[in-house]
Amino acid sequence: MSTEQPRPGPGDEPARDRPIEPTLRDESGLPPAPPPPAAGGGAPGAGVPTGADRYGGNPYGDAQGAADPLAGMPPLAALWRRLVARIIDIVIVAVPVTLILWPFAGGYDNDGDGSYGRQAVVLLVYFVYEALMLSARGQTLGKMAMRIRVAMLADGAVPHGSPAWLRAGVYSLPQLLPYVGFIFWLVNVLFCTWDRPYRQCLHDKAARTLVVSTA
């Protein structure tokens, strides 16, 4: 019987010079499972909108599933309803206050200081009137007549407290400043005509509110 050991054939030599790569294993002793492939076959995280890209450049939502900021809220109030409501409120406040001040201010005269004083009193009374009404129910008498209301942008709630006073203040108080106040008031009330998507005036943006329909 031959005592010679068979020689290893080609490819059977032990790989003495090749380093053995370690295999990571979890506590069970099994190697970890490979990560799941990304959706659509792309790289992990590909196609997930983040930050400013989540609307895809379209604030009203689109076919790719971008969120519509107006979804789930009552319809926005028509601009003409907001205008008529404001006119009603101004008449409700200005006429009685002017009549009360008439004996003390000498009626309508050409005295610039007297005219400014009456206007300032009307603005201050209007400021308090609007702030109290909005804080209580989100509506002034004019808004109630036109079936619209002021709501918090975040959740549609009544703007109780500080938001109501801030909104009323940004609308009324800057008008106490001669000339500059009127320019600010004009820009403020016109801002909602081009603002999108919520049609906010500057006093809405300051208080984070919007005007919606109750009809």
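Basis for what follows: all heavy atoms, side chains included, without hydrogens, waters or symmetry-related copies. Worth saying up front: this structure is predicted, and the values here are computed from it rather than measured. For this chain, numbers begin at 1 and follow the sequence in order.
Both the sub-6.0 Å distance and the 45° axial angle are not jointly satisfied by Arg208 relative to the ring of Tyr198.
To the nearest 0.5 Å, atom SG of residue Cys192 and atom CG of residue Leu79 are 5.0 Å apart. To the nearest 0.5 Å, atom CG of residue Leu173 and atom CG of residue Leu166 are 10.0 Å apart. Atoms CG and CZ, from Leu186 and Phe191 in turn, are 13.0 Å apart once rounded to the nearest 0.5 Å. With values rounded to the nearest 0.5 angstrom, Ile88 atom CD1 is found 11.5 Å from Met144 atom CE. Distance check, rounded to the nearest 0.5 Å: CG of Asn188 to CZ of Phe182 gives 12.0 Å.
When all heavy atoms are compared, the tightest approach of Arg149 to Gly156 is NH2-O, 3.0 Å. Of all heavy-atom pairs between Ala164 and Pro159, the closest is CB-O, 3.0 Å. Residues Tyr129 and Thr140 share a closest heavy-atom pair of OH-CB, 3.5 Å. Residues Ile148 and Ala77 approach most closely at CG2-CB, 3.5 Å, considering heavy atoms.
The aromatic rings of Tyr171 and Tyr126 sit tilted relative to each other, their planes meeting at an angle between 30° and 60°.
Linking Ile, Leu, Val, Met, Phe, Trp and Tyr residues whenever their side-chain heavy atoms come within less than 4.5 Å leaves Leu101 and Val91 in two separate clusters. Val122 and Val95 fall into different hydrophobic clusters, where Ile, Leu, Val, Met, Phe, Trp and Tyr side chains are chained together by heavy-atom contacts under 4.5 Å. Phe184 and Ile90 fall within a single hydrophobic cluster, where Ile, Leu, Val, Met, Phe, Trp and Tyr side chains are chained together by heavy-atom contacts under 4.5 Å. The same ILVMFWY cluster, assembled from side-chain heavy atoms under 4.5 Å apart, contains both Leu132 and Leu124.
Judged by distance alone, with hydrogens and angles left aside, the side-chain atoms of Gln139 form no donor-acceptor pair with the main-chain N or O of Met133 at under 3.5 Å. Of the possible donor and acceptor atoms, none in the side chain of His203 sits under 3.5 Å from a partner among the backbone N and O of Val170. Checked by atom type and distance alone, the side chain of Ser135 never pairs as donor or acceptor with a backbone atom of Ala131 at under 3.5 Å. Between the Ser172 side chain and the Gly169 main chain, no donor and acceptor come within less than 3.5 Å of each other. One N or O on the side chain of Tyr116 and one on the backbone of Leu176 form a donor-acceptor pair closer than 3.5 Å. The main-chain N or O of Met146 is found under 3.5 Å from a side-chain atom of Arg81 such that the two form a donor-acceptor pair. With hydrogens and angles disregarded, no donor-acceptor distance shorter than 3.5 Å links the side chain of Asp89 to the backbone of Arg86.
Considering Asp195, Leu76, Leu70 in turn, Leu76 is the only one that fulfils the side chain to side chain contact (heavy atoms under 4.5 Å, CB included) rule with Leu210.
Side-chain atoms of Arg167 and Thr209 form a donor-acceptor pair, as typed in the model, at a separation below 3.5 Å.
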**Study point:** Residue pair Arg199, Asp204: steps toward the salt bridge (Lys or Arg N to Asp or Glu O under 4.0 Å) verdict
**Key:** CA-CA 9 Å; Arg199 294 191 178 276; Asp204 286 307; over 6 Å; no

